[in-house]
Amino acid sequence: MTNQYTGLYNSELPPEGQRQALRDGAVPVTVYGLGKMGLPLAAVYAKTTGNVVGVDIDADVVRMVNDGECHVAKEPGLPELVAEQAGRGALRATTDSVAAAKEGAIHVIIVPTPLTDDHEPDLAAFVAVLDSIAAGLAPGDMVVVECTVPPKTSSELVVPHLEAKSGISRTEFGVAFCPERTSSGRALQDITGSHPKIVGGVDTESTRVASLVYGEITSNEVIAVSDATTAESVKLFEGLYRDVNIALANELARIRDDLGIDVTEAIHAANTQPYCDIHAPGPGVGGHCIPWYPYFITSRVTTDTPLILTAREVNDSMPAFTADTLRTELSHAGRDIETATVAVLGVTYRPGVAETRATPAAGVIDRLTEHGATVLAVDPMLDDDVVASFGATPVSLADLSAHDLDAAVVVTPHEEFDDIDWAAFDDLVVIDGRGTLGDIGHRVYTIGAGPRNTEVRHHD
Ligand SMILES: NC(=O)C1=CN([C@@H]2O[C@H](COP(=O)(O)OP(=O)(O)OC[C@H]3O[C@@H](n4cnc5c(N)ncnc54)[C@H](O)[C@@H]3O)[C@@H](O)[C@H]2O)C=CC1
Ligand SMILES: CC(=O)N[C@@H]1[C@@H](OP(=O)(O)OP(=O)(O)OC[C@H]2O[C@@H](n3ccc(=O)[nH]c3=O)[C@H](O)[C@@H]2O)O[C@H](C(=O)O)[C@@H](O)[C@@H]1O
């Protein structure tokens with residue numbers, strides 16, 4: 001197997017020669033995973049290097065990329081970039097991961113690293129990619145891990161696994177953890193410059209190569225930390241910080257009725273102090289990142305982590321709190337949730353992102369069902385079968401007013417909900433999960449802010 005390319009690890013070229021080789025396409029890049037994060041990343045690598053092959057197990061994704069189409073919704077600039085890079089031959093896609101590994105000199109891994117039901121990191125897809133890379137690894141290659149992994153994965157799994165499976169000494173290839181710090185909906189700007197890029201290698205040469213590569217990808221600074229485990233921890237700490245601070249906001253929202261204030265108003269005022277950054281309360285914490293990353297730490301340490309786990313308990317309690325609050329508000333209005341028809345608005349984990357992993361809507365639907373309610377659900381980004389899989393009756397936004405609703409719960413405020421004609425409904429009781437509703441002419445309880453417009457109405 002000979003690769004007519006320049007491997008950067010232990011390269012004898014001077015640094016500027018390495019950068020030029022990268023920009024000239026003489027350092028082929030293989031990106032494993034072409035999803036919400038992998039496709040924008042591959043497209044940016046293609047724009048920078050002109051020589052990227054993307055790997056995905058989903059043949060439809062591969063076909064669309066090769067046709068210059070973008071399967072990721074609501075990513076500004078991405079459809080144009082994919083079309084442009086595929087059109088000029090800078091970005092190709094394949095399901096043949098081994099063939100693609102043999103072509104690559106830089107291997108970028110950005111496949112799902114989910115959690116099992118018993119809160120263990122599930123690295124099956126990640127290891128499958130390692131096996132493919134091992135089959136195509138060559139001396140001088142660089143492996144870049146962008147998907148979030150537990151601490152020590154790069155040094156204690158990636159390196160020995162690749163060395164054993166490829167037969168190539170660990171002294172001949174590089175491995176670095178370079179976390180994806182991207183938010184859906186702003187992927188291209190996040191990948192190319194919103195934040196400094198963190199890189200951490202399993203050895204000095206790996207850190208050097210990762211710094212050189214990302215110096216060409218981002219317009220922001222590249223922060224080289226001490227090693228790969230430090231970089232893995234940076235990514236997880238960011239997520240832990242977010243989860244714990246959302247939990248504080250949620251706990252404050254739970255005591256809102258005791259205090260009799262608008263807690264979100266108090267949070268906004270408190271945050272005018274530069275040392276205070278209390279996050280926003282809501283119906284729960286979803287996605288395959290923030291609610292899962294804490295377990296990437298707790299599953300790997302022996303020391304007790306009461307704060308991390310308590311924050312998870314608080315955040316996981318919010319879907320039930322939301323449904324229980326609706327039951328209370330209906331009761332205050334003289335109505336019984338057991339005979340109520342309730343519409344859950346928004347099933348994805350956050351607006352504008354077609355992702356349902358760990359969505360709070362699941363817990364809200366479950367608890368409403370436990371209370372005996374008839375539960376409908378609306379989500380403009382999801383197919384009916386996906387919505388139905390959560391145990392609710394799917395309803396289109398257009399048909400919603402045809403239903404005799406008693407209540408609604410806004411879990412995920414998609415922008416399409418701004419057009420709802422609330423006047424078309426009689427005497428609703430509404431839970432506003434994210435504080436996005438204005439004066440809609442119905443009784444509303446906003447998580448964190450509390451009830452408004454509560455004068456009793458006669459329900460015919
Ligand atoms: N979604 C986000 O906001 C962020 C995610 N991340 C990290 O990136 C990872 C991926 O996230 P997303 O792109 O959102 O996931 P996604 O589910 O949107 O896309 C994953 C893609 O990988 C493909 N895939 C699965 N197994 C594969 C395999 N063995 N080989 C090749 N392709 C495979 C899937 O077909 C899919 O197209 C996450 O698990 C997380 O660790 C990091 C920062 C942000
Ligand atoms: C530290 C941080 O801000 N991480 C970001 C986060 O993005 P993600 O797509 O998971 O969305 P998110 O805004 O964190 O929201 C996660 C969940 O938490 C909820 N949420 C968020 C912020 C808040 O104040 N209150 C709240 O309840 C959201 O509704 C959602 O259900 O996780 C991404 C990741 O690591 O995958 C990361 O790249 C992103 O930069």
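We count ligands from 1, going down the list as the structure has it; atoms in each ligand are counted the same way. These numbers were taken from a predicted model, which means no experiment stands behind them.
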Could you check ligand 2 for N or O atoms lying under 3.5 Å from protein N or O atoms and list the pairs with distances?
unit_1, atom_1, unit_2, atom_2, d
ligand 2, 3 (O), Arg242, NE, 3.3
ligand 2, 9 (O), Tyr349, OH, 2.5
ligand 2, 9 (O), Arg350, NE, 3.1
ligand 2, 9 (O), Arg350, NH2, 3.3
ligand 2, 11 (O), Arg350, NE, 3.2
ligand 2, 13 (O), Arg242, NH2, 2.9
ligand 2, 14 (O), Arg242, NE, 2.6
ligand 2, 24 (O), Ala280, N, 2.9
ligand 2, 25 (N), Ala280, O, 2.8
ligand 2, 27 (O), Arg434, NH1, 2.9
ligand 2, 27 (O), Arg434, NH2, 3.3
ligand 2, 29 (O), Arg434, NH2, 2.9
ligand 2, 31 (O), Gly286, N, 2.9
ligand 2, 31 (O), Tyr349, O, 3.0
ligand 2, 35 (O), Lys235, NZ, 2.6
ligand 2, 35 (O), Tyr293, OH, 3.0
ligand 2, 36 (O), Tyr293, OH, 3.1
ligand 2, 38 (O), Thr182, N, 3.2
ligand 2, 38 (O), Thr182, O, 2.7
ligand 2, 38 (O), Lys235, NZ, 3.1
ligand 2, 40 (O), Ser183, OG, 3.4

Side chain, backbone, both or neither: [X] near ligand 1, heavy atoms under 4.0 Å:
X      : result
His288 : side chain
Arg357 : side chain
Thr182 : backbone
Val149 : neither

Which protein heavy atom lies closest to [atom], and at what distance to 0.1 Å?
atom                    : value
atom 19 (O) of ligand 1 : Gly35 CA, 3.2 Å
atom 40 (C) of ligand 1 : Tyr293 OH, 3.8 Å
atom 14 (O) of ligand 1 : Lys36 NZ, 2.8 Å
atom 43 (C) of ligand 1 : Glu180 O, 3.2 Å
atom 5 (C) of ligand 1  : Met37 CG, 3.5 Å
atom 22 (O) of ligand 1 : Pro112 CD, 3.6 Å
atom 9 (C) of ligand 1  : Val111 O, 3.6 Å

Checklist line | Pairwise distance OH(Tyr293) to CG(Asp243) - rounded to 0.5 angstrom | finding: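 Interatomic distance, Tyr293 OH to Asp243 CG, rounded to 0.5 Å: 11.5 Å.
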
Notebook entry, point to check: Roughly how far apart are Thr322 OG1 and Leu368 CG, rounded to 0.5 Å?
Noted result: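 Output value for this atom pair is 9.0 Å.
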
Check: Among all residues two or more places apart in sequence or in another chain, which pass the side chain to side chain donor-acceptor pair (under 3.5 Å) test with Ser317?
Finding: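 Counting only residues at least two positions away or on another chain, Ser317 forms a side chain to side chain donor-acceptor pair (under 3.5 Å) with Arg254.
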
Margin query: Counting only heavy atoms not in Asp258 (residues, nucleotides, ligands), do more than 12 fall under 6.0 Å from its CG?
Written below: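 Yes, the 6.0 Å shell around CG holds more than 12 heavy atoms from other groups.
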
Validation: residues 184-197 side-chain donor-acceptor distances under 3.5 Å, sequence neighbours left out:
unit_1, atom_1, unit_2, atom_2, d
Arg186, NE, Asp190, OD1, 2.7
Arg186, NE, Asp190, OD2, 3.1
Arg186, NH2, Asp190, OD1, 2.7
Arg186, NH2, Ser194, OG, 3.0
Asp190, OD1, Ser194, OG, 2.7
Asp190, OD2, Ser183, N, 2.9
Thr192, OG1, Leu188, O, 2.7
Ser194, OG, Gln189, O, 3.0
Ser194, OG, Asp190, N, 3.4
His195, NE2, Arg181, O, 3.4
Lys197, NZ, Glu146, OE1, 3.4
Lys197, NZ, Glu146, OE2, 2.8
Lys197, NZ, Cys178, O, 3.4
Lys197, NZ, Pro179, O, 3.0

Would you please say whether a donor-acceptor pair under 3.5 Å links the side chains of [X] and [Y]?
X      : Y      : answer
Ser132 : His107 : no
His371 : Asp324 : yes
Thr369 : Asp366 : no
Glu103 : Thr30  : no
Asn245 : Asp277 : no

Within the 4.0 Å heavy-atom shell around [X], which atoms of ligand 1 are there?
X      : answer
Ile110 : 8 (O), 10 (C)
Thr113 : 39 (O), 41 (O)
Val129 : 29 (N), 30 (N)
Ala125 : 26 (N), 29 (N)

Notebook entry, point to check: So Glu355 and Lys74, salt bridge (charged side-chain N to carboxylate O under 4.0 Å, His left out) or not? Walk me through it.
Noted result: CA-CA 12 Å; Glu355 175 66 71; Lys74 300 196 174 187; over 6 Å; no

Check each of [options] against [atom] and report the one with the nearest heavy atom.
atom                    : options                     : answer
atom 34 (C) of ligand 1 : Val55, Val353, Asp56, Asp58 : Asp56
atom 26 (N) of ligand 1 : Thr95, Val62, Asp131, Ile57 : Ile57
atom 7 (C) of ligand 1  : Leu39, Ile109, Thr148       : Thr148

Next item on the list: Could you tell me whether Glu232 and Arg300 have a side-chain N and a carboxylate O separated by less than 4.0 Å?
Entry: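 Salt bridge between Glu232 and Arg300, a charged N being under 4.0 Å from a carboxylate O: no.
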
Check: Mind checking whether Tyr295 and His119 have parallel, tilted or perpendicular rings, split at 30° and 60°?
Finding: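 Rings of Tyr295 and His119: parallel, as their planes differ by under 30°.
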
Next item on the list: Sort and list the pairs that fulfil side chain to side chain donor-acceptor pair (under 3.5 Å) and have at least one residue in residues 260-274, not counting sequence neighbours.
Entry: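 Output for this query lists Asp262-Thr264.
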
Notebook entry, point to check: With respect to Asn250, which candidate in Leu248, Leu252, Ile246 satisfies the side-chain contact (heavy atoms from CB on, under 4.5 Å) definition?
Noted result: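 Running side-chain contact (heavy atoms from CB on, under 4.5 Å) over Leu248, Leu252, Ile246 with Asn250 returns exactly one hit, Ile246.
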
